[in-house]
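Shown next, in C-alpha cells, is the structure this report addresses.
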Amino acid sequence: MDWFETPESGSILRFRYETETLTLEIEFRNGNVYQYFDVPEPVYQAFCQAGSKGQFFSQSIRGAFRYARC
Amino acid sequence: MPSDPTYLGTVEDVRGATLSVVLSEETVSGLTFIDGSGYRIGQVGSFVRIPLGLVDLFGVVSQVGAGAVPERLAETEPFGRRWMTVQLVGEGRRFGKFQRGLSQYPTVSDPVHLVTEQDLEKIYGRPDEPQAIAIGQVASSESIPALVDLDKLITRHSAVVGTTGAGKSTTVAGLLSTLTDPQRFPSARVIILDMHGEYASALRDRATVFRVNPDPTRGEQQLNVPYWAMTSDELMPITFGALGDTERGAVLEEITKRKREALAYLDNPPITVDQVNADSPVPFSIHKLWFELHCLVNATHTAQQAAQRLETMAFEESPPSTPIQPGDAMTVVPPRFRSIQQGQVWLSQYPLRISRPLEGLASRLRDTRLDFLFRPGPWLPAVSGETSQDLDTLLAGWLGGAMPVTILDLSGVPSSIVNPLVGTVLRIIYEAMFWARYLSEGGRERPLLIVLEEAHAYLGQEAQGPAGAAVRRIAKEGRKYGIGAMLVSQRPSEIDTTILSQCGTMIAMRLANSSDRLHVAGAVSEHLQGLLDMLPILRTGEAIIVGEAVHLPVRALINPPASNRRPDSADPVVFQTVGPGGWNRSQEAQNYEDVVTVWRRQNPRSPRQAKMQDE
C-alpha cells in the first residue's frame with residue numbers, strides 16, 4: 001500500500017488506503033497516525049479528488065467513521 | 001580597553017574560585033554587538049573570560065546586581081555600581097584547548113570579557129576527541145553542538161531526571177536514536193526496561209520489542225523470563241512466599257536435587273554436579289516440585305507412618321482401582337485422596353508445614369498472567385526438567401538481536417512482581433556480561449547500555465528486593481564488565497541514594513520539586529550550584545548536563561527525534577487543531593464495546609487495526 005503525500009495540505013501529511021479492509025490511514029503533520037475503518041471506496045475516491053484534503057476530512061470523514069490511533 | 005566590545009568590567013574581589021566583578025561604566029546598555037551578533041551582558045549562566053597573559057580563565061556568571069555587591073559596600077553604594085558574581089571553572093591556553101581546573105588566579109583589576117561564540121566553541125568543542133558525540137545544541141548559542149563523551153556516558157552510568165512533561169522520554173528517545181545511529185554505531189547495544197510501553201513507537205525501526213502480550217502483527221515477540229533462571233532469593237517470594245528457615249532449607253534442597261538431575265539434558269553442563277545449587281541457571285520443573293510436595297503433605301496412605309511410600313498413596317477410586325482424579329503436575333491439578341473418615345488410611349507424616357505456601361504456589365502456577373514466568377514457551381521444562389531451548393537462545397534474543405535496541409515492555413506485568421522480575425532480568429543480563437567478559441559477546445568488547453525507565457518504581461529509598469540489588473550491582477561494578485545504566489526518573493529523591501550517586505553523568509531537565517532539586521544538586525560540585533538554580537525554569541526539551549561525560553556543565557537543547565518518532569507519552573491535546581479528537585470537536589460516536597475488547601485482550605491496539613498492518 002503506497003502512501004500519497006499531500007504537500008498542499010496544512011494538516012495532513014500523507015494518507016493511504018486498503019481496498020480489502022476499507023481502511024484509510026492518515027498521517028497528520030503533528031506526527032499522529034490514525035486509521036479510519038470501513039471507509040467506502042467512493043468516499044476515499046472523493047477524498048483523493050478533494051481540493052482541500054483537510055476540509056474534506058473534517059466534513060466527511062471526521063465523526064463519520066470509527067478510528068483508532070496507531 | 002573600553003573600546004573592545006567584549007570588555008565587561010574588572011575583577012574586584014577574589015575568594016577561592018568565586019570572583020566579584022564590577023561592570024564598567026561603558027557597558028550600560030546591557031547589549032553589545034560583536035562581529036554582527038548581539039550578546040546580552042550579565043546573563044546568569046553565561047560564561048566570561050579573563051585573559052591572563054597566554055592563558056584565558058573562564059568562569060560562569062552566578063549572580064548579577066545588588067545582591068552581588070560585596071557586603072562591606074552594600075551600605076555605601078546600594079545601587080551605585082553594578083556587580084556580578086562569577087564562579088571560575090577552568091582555563092584555556094590561547095588558541096589551545098579548554099580544560100577544567102585552574103593553574104593561577106586572577107587578581108584585582110584584571111579585565112573581564114564577554115565570551116563570544118568563538119570562545120564558546122573552544123570551551124565546548126572537542127575536535128581531537130572522536131568519542132565525543134553531539135546530542136543537541138548549547139542552549140545559549142544554538143550554532144554550537146553540545147558534545148558528550150560517549151565512553152563516559154555509557155560506562156560511568158547516567159541519570160535523566162525531570163518532572164512529568166519536561167520532555168524526559170522524548171529526550172531519551174532522541175539520545176538513543178543518536179547513540180544507535182546505524183551509520184556511526186552499527187554495533188550499538190541498548191536494552192530498555194520500558195514500564196509503560198512508550199518507546200516501541202519511537203524506536204520502531206531500530207528496536208525488537210518483547211511484551212507479555214505480544215502483538216505479532218507489529219513484529220512483537222513474547223517476553224519470557226524462565227523461573228528456573230532465577231536465584232532462590234528471586235524465586236521464593238513469588239512462588240512459596242515467606243517460609244520458615246527449616247521449610248525454606250528443605251525446599252531449596254529439593255530444587256537443588258532436581259536441578260542436578262536435569263543436568264543430563266543440558267548441552268553445556270557445568271564441570272561437576274557439585275557446582276549446581278539452588279541458584280544455578282539450570283532447568284527444573286516447578287510443576288513437578290509442586291505436585292510431589294503436594295502429595296507428600298496432603299496424601300493419605302494405605303500404610304502407617306514408617307511404611308509410607310509413594311506407592312501407598314490412597315487415591316479416591318471409583319470404580320475400584322481407578323483413581324477419580326490422579327492429578328497432573330503440568331496443568332496444576334491436585335490429585336484426590338481418600339479421606340480418613342472412610343477408614344483404612346492414614347495421614348501423611350511429612351514433617352514440613354508448607355501446605356499454605358503450596359496452595360499459594362499452585363494458584364500462582366495457574367495464574368495465566370504469570371505464564372511468561374512459569375510457562376515460558378520453549379524454555380518450559382517438562383516434568384523431567386528437559387527444555388526444548390536453553391538460555392543461549394533467550395540471551396541471543398535480548399542481547400544479540402539484529403536490531404541495536406531491545407525493548408522489554410513490562411507494561412502488562414502485574415505490579416506485585418515487577419520488582420523481582422526486573423531484578424531477574426537485570427541479573428541474567430549481568431551474569432551473561434560478567435562471565436562473557438573475555439568473549440566477543442561480552443560487555444567489554446561490545447558494551448551494553450541498560451535504560452531503566454521510571455526507575456523510582458522499583459528503586460525506592462534503601463531499595464529492597466531483587467531489583468534494587470541488581471541495579472546496585474550494575475551501578476557499582478557494571479563499568480568493569482561493560483554494562484552502563486541510564487536511570488530515567490521524575491522523582492530523583494525517591495531513588496536510592498547509593499544508586500543515584502553512582503551515576504557519573506546527570507541530565508537534569510526541568511525540576512520543580514525542591515527535594516528533587518536538592519538531590520540533583522548534591523551530585524554537582526559546590527561552586528556550580530548556581531547553574532542548577534535554573535532547573536525549575538528550563539524549557540521543555542532543555543537539560544543541564546553535568547558530570548563526567550562533559551568538561552563543563554552545559555545547558556543544552558537535546559535533539560528531539562523526528563516528529564513521527566516520538567514516544568507514546570506525548571501529552572494528550574485537549575484543544576486539538578490537527579486530526580480528530582480534542583474537546584473542541586464535535587463528539588465522535590462512542591462504542592465502549594471496543595474499550596472492553598482491548599481491555600480484556602490486554603492490548604491497547606484495536607483488533608481491527610491489526611488488519612492493515614498485515615500488508
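Chain letters run A, B, ... following the sequence lines, proteins first, then strands; residues in each count from 1.
A salt bridge does not link B:Arg510 to B:Glu542: none of the charged nitrogens lies less than 4.0 Å from a carboxylate oxygen.
Both the backbone and the side chain of A:Phe37 have a heavy atom closer than 4.5 Å to some heavy atom of chain B. With a 4.5 Å cut-off on non-hydrogen atoms, B:Asn591 touches chain A through its backbone and its side chain both. At a 4.5 Å heavy-atom cutoff, the contact between A:Arg62 and chain B is made by backbone and side-chain atoms alike.
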Name each donor-acceptor pair under 3.5 Å that joins a side chain in residues 42-55 of chain A to protein atoms two or more places apart or in another chain, with its distance.
residue: A:Ser52; atom: OG; partner: A:Gln55; partner atom: N; Å: 3.2
residue: A:Lys53; atom: NZ; partner: A:Cys48; partner atom: O; Å: 3.1
residue: A:Lys53; atom: NZ; partner: A:Ala50; partner atom: O; Å: 3.1

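Listed by first then second residue, pairs satisfying salt bridge (Lys or Arg N to Asp or Glu O under 4.0 Å) with a partner in residues 173-182 of chain B number zero, not counting sequence neighbours.
For an aromatic pair to be called close, the ring centres must be under 6.0 Å apart, and A:Phe65 with A:Tyr36 fails this.
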